[in-house]
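Report on the following structure.
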Amino acid sequence: GAALEVRGLTKVYGAAGLFRRRRATRALDGVSVTLKRGATLGVVGESGSGKSTLARCVVGLLAPDGGEILVDGAPLPRARAEAAKLVQMVFQDPYASLNPRRRAGEQVAQGPVAAGVPRADAAARARELFELVGLDPAAVSRFPHEFSGGQRQRIGIARALAMRPKVLVADEPVSALDVSVQAQVLELLRDLRARLGLSTLFITHDLRVAAQVCDEVAVMKDGAVVEAGPVASVFADP
Ligand code: ADP
Ligand code: ADP
């Protein structure tokens, strides 16, 4: 079965609202993609093609106007807290996505605590996850500014994994990093996939990055999937 099935997803920005000024933008126009269990599906396409909108719908940050999102065959819950247990996001900017005033380990434990995991268990899980993503478990007590950009992205990954999600959505997870650091984070994602059997929807504008980590890719253009299939066949096109 599929970890994630998106069927006919539609999202229109600015379609309603009393004070609407801009014309409506059809950001998603009947998008369907299937992420197999344990696989990494790339969503590629130029800026403005709808990739982030798709990502934000799949993690439940944005309500689509039409279509279906199924996780392990069941509809994605509308309640954010319930959706968060199933789908977690790794953001592009590891600087912006962490709270500068809270200890790194606390931020990794935050989701599980909110979901009812006892504090001590969540803290222990945070330390294990630090180790899993290649950080010193003792660094849980440090603040975000005490880590490098690549290390901060590892914290972001640990924070997402802490919820033991069925699906990970990585939205341009290496685009804000130096090229040398990009390779290390991509290597980590490959390693985690092998060890945990992660199912990942990997959003990127960078075809070189997609070719390194994805089995299959869906190419988006103007809110629609215009091509999809195994990386080798899609990227072989002239
Ligand atoms: P991508 O991630 O591929 O760059 P987006 O999903 O961000 O694409 O954008 C798809 C389209 O939706 C673009 O035309 C963009 O300008 C528009 N858009 C994105 N976010 C908003 C928003 N909050 N309000 C209005 N239009 C938006
Ligand atoms: P190993 O047998 O290789 O040590 P484990 O399955 O014990 O692997 O996992 C190692 C760490 O990853 C543990 O801290 C565990 O809690 C955590 N872990 C395992 N599966 C997941 C998952 N799907 N999401 C998040 N964390 C996980």
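Computed from a prediction, not measured in an experiment: that's the story for all the values here.
- Residues Leu28 and Cys57 come closest through the heavy atom pair CD1-SG, 4.2 Å.
- At least one side-chain heavy atom of Arg56 sits less than 4.5 Å from a side-chain heavy atom of Met89.
- For the pair Arg103/Phe143, a side-chain contact is recorded, criterion being any heavy-atom separation below 4.5 Å from C-beta on.
- Side chain of Arg80 to backbone of Val59: a donor-acceptor contact under 3.5 angstrom is found.
- Without hydrogens or angle criteria, Arg154 side chain to Leu135 main chain gives no donor-acceptor distance under 3.5 Å.
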### Task
Given side-chain contact (heavy atoms from CB on, under 4.5 Å), test Arg193 with Asp215 step by step and report yes or no.
CA-CA 12 Å; Arg193 174 191 175 182; Asp215 314 285; 2.8 Å; yes

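- Side chain of Ser199 to main chain of Gly38: a donor-acceptor pair is present (N/O by atom type, distance under 3.5 Å, no hydrogens or angles).
- Summarising the geometry of Ala3 relative to Val167, their closest heavy-atom pair is O-CG2, 3.7 Å, with the distance given to 0.1 Å.
- The CD atom of Gln153 lies 9.0 Å from the CD atom of Gln92; values are rounded to the nearest 0.5 Å.
- Put simply, the side chain of Gln182 gets close to the backbone of Leu177: a donor and an acceptor are under 3.5 Å apart.
- Note on Leu41: it does not cluster hydrophobically with Val209, by side-chain heavy-atom contacts below 4.5 Å among ILVMFWY residues.
- Residue Pro165 comes nearest to Ala160 through the heavy atom pair CD-O, 3.4 Å, listed as atom of the first residue, atom of the second, then distance.
- When the side-chain contact (heavy atoms from CB on, under 4.5 Å) test is applied to Leu98, the partners found at least two apart in sequence or on another chain are Gln107, Pro144, Arg152, Ile155, Arg159.
- Within the structure, every pair that satisfies the side chain to side chain donor-acceptor pair (under 3.5 Å) test and touches residues 169-180, not counting sequence neighbours, is listed here: Ser52-Asp171, Glu172-Ser175, Glu172-His205.
- Atom-to-atom distance recorded for Gln212:CD and Leu207:CG is 11.5 Å, nearest 0.5 angstrom.
- Ala2 and Glu5 make their closest contact through CB-OE1, 4.0 Å (heavy atoms, listed as atom of the first residue, atom of the second, distance).
- Following chains of ILVMFWY side-chain contacts shorter than 4.5 Å, one can reach Val140 starting from Leu188, so the two form part of one hydrophobic cluster.
- One distance of note links CG of Leu129 with CZ of Arg164; it measures 7.5 Å at 0.5 Å rounding.
- Ion pairing between a basic and an acidic side chain is recognised when a charged N comes within 4.0 Å of a carboxylate O; Arg190 and Glu187 show such pairing.
- Thr204 places a side-chain N or O within 3.5 Å of a backbone atom of Asp206 that can act as its donor or acceptor partner.
- Leu61 is connected to Val71 through a chain of hydrophobic side-chain contacts under 4.5 Å among Ile, Leu, Val, Met, Phe, Trp and Tyr, so both are in one cluster.
- Within 6.0 Å of CD in Glu146 there are more than 12 heavy atoms belonging to other residues, nucleotides or ligands.
- Lys166 is not listed as a side-chain neighbour of Leu4, based on a closest heavy-atom distance of 4.5 Å or more.
- Contact check for Phe202 versus Val213: side-chain heavy atoms found under the 4.5 Å cut-off.
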### Derivation and outcome, side-chain contact (heavy atoms from CB on, under 4.5 Å), residues Leu9 and Ser32
CA-CA 7 Å; Leu9 209 66; Ser32 300; over 6 Å; no

### Query
side-chain contact (heavy atoms from CB on, under 4.5 Å) between Leu198 and Leu161: does it pass, once the steps are laid out?
CA-CA 9 Å; Leu198 285 180; Leu161 293 180; 3.7 Å; yes

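- The two residues Val225 and Ala218 make their nearest non-hydrogen contact at CG1-CB, 4.1 Å.
- Side-chain contact between Val108 and Phe130: present, with at least one pair of heavy atoms (C-beta onward) separated by less than 4.5 Å.
- Under a cut-off of 6.0 angstrom, the local environment of CZ in Arg102 is crowded, with over 12 non-hydrogen atoms contributed by other residues, nucleotides or ligands.
- In this structure, the side chains of Val217 and Phe235 come closer than 4.5 Å at one or more pairs of heavy atoms.
- For the pair Arg142 and Phe147, the distance from NZ or CZ to the six-membered ring centre is under 6.0 Å and the angle to the ring normal is within 45 degrees.
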### Task
Start with the C-alpha distance between Arg195 and Asp191, add both sets of side-chain angles, then the distance that settles salt bridge (charged side-chain N to carboxylate O under 4.0 Å, His left out), and finish with yes or no.
CA-CA 6 Å; Arg195 292 175 64 176; Asp191 175 50; 3.8 Å; yes

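- Clustering ILVMFWY residues whenever any of their side-chain heavy atoms sit less than 4.5 angstrom apart, transitively, puts Val43 in a cluster other than the one holding Val234.
- Although no hydrogens or angles enter the test, the distance criterion places no donor-acceptor pair under 3.5 Å between the side chain of Glu131 and the main chain of Arg127.
- The CG atom of Leu168 lies 8.5 Å from the CG atom of Leu192; values are rounded to the nearest 0.5 Å.
- Side chain of Lys51 to main chain of Gly45: a donor-acceptor pair is present (N/O by atom type, distance under 3.5 Å, no hydrogens or angles).
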### Working for side-chain contact (heavy atoms from CB on, under 4.5 Å), residues Val169 and Thr200
CA-CA 6 Å; Val169 176; Thr200 304; over 6 Å; no

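- At least one donor-acceptor pair closer than 3.5 Å links the side chain of Asp65 to the backbone N or O of Val12.
- Cluster annotation: Val31 and Val226 are assigned to distinct hydrophobic clusters (Ile/Leu/Val/Met/Phe/Trp/Tyr, side-chain heavy-atom contacts under 4.5 Å, transitive).
- Side-chain contact check for Glu216 versus Lys36: some heavy-atom pair is nearer than 4.5 Å.
- Closest approach of Pro173 to Leu189, counting heavy atoms only: CG-CD1, 4.4 Å.
- Under the 4.5 Å side-chain criterion, counting only non-hydrogen atoms from C-beta, Leu76 is not in contact with Leu70.
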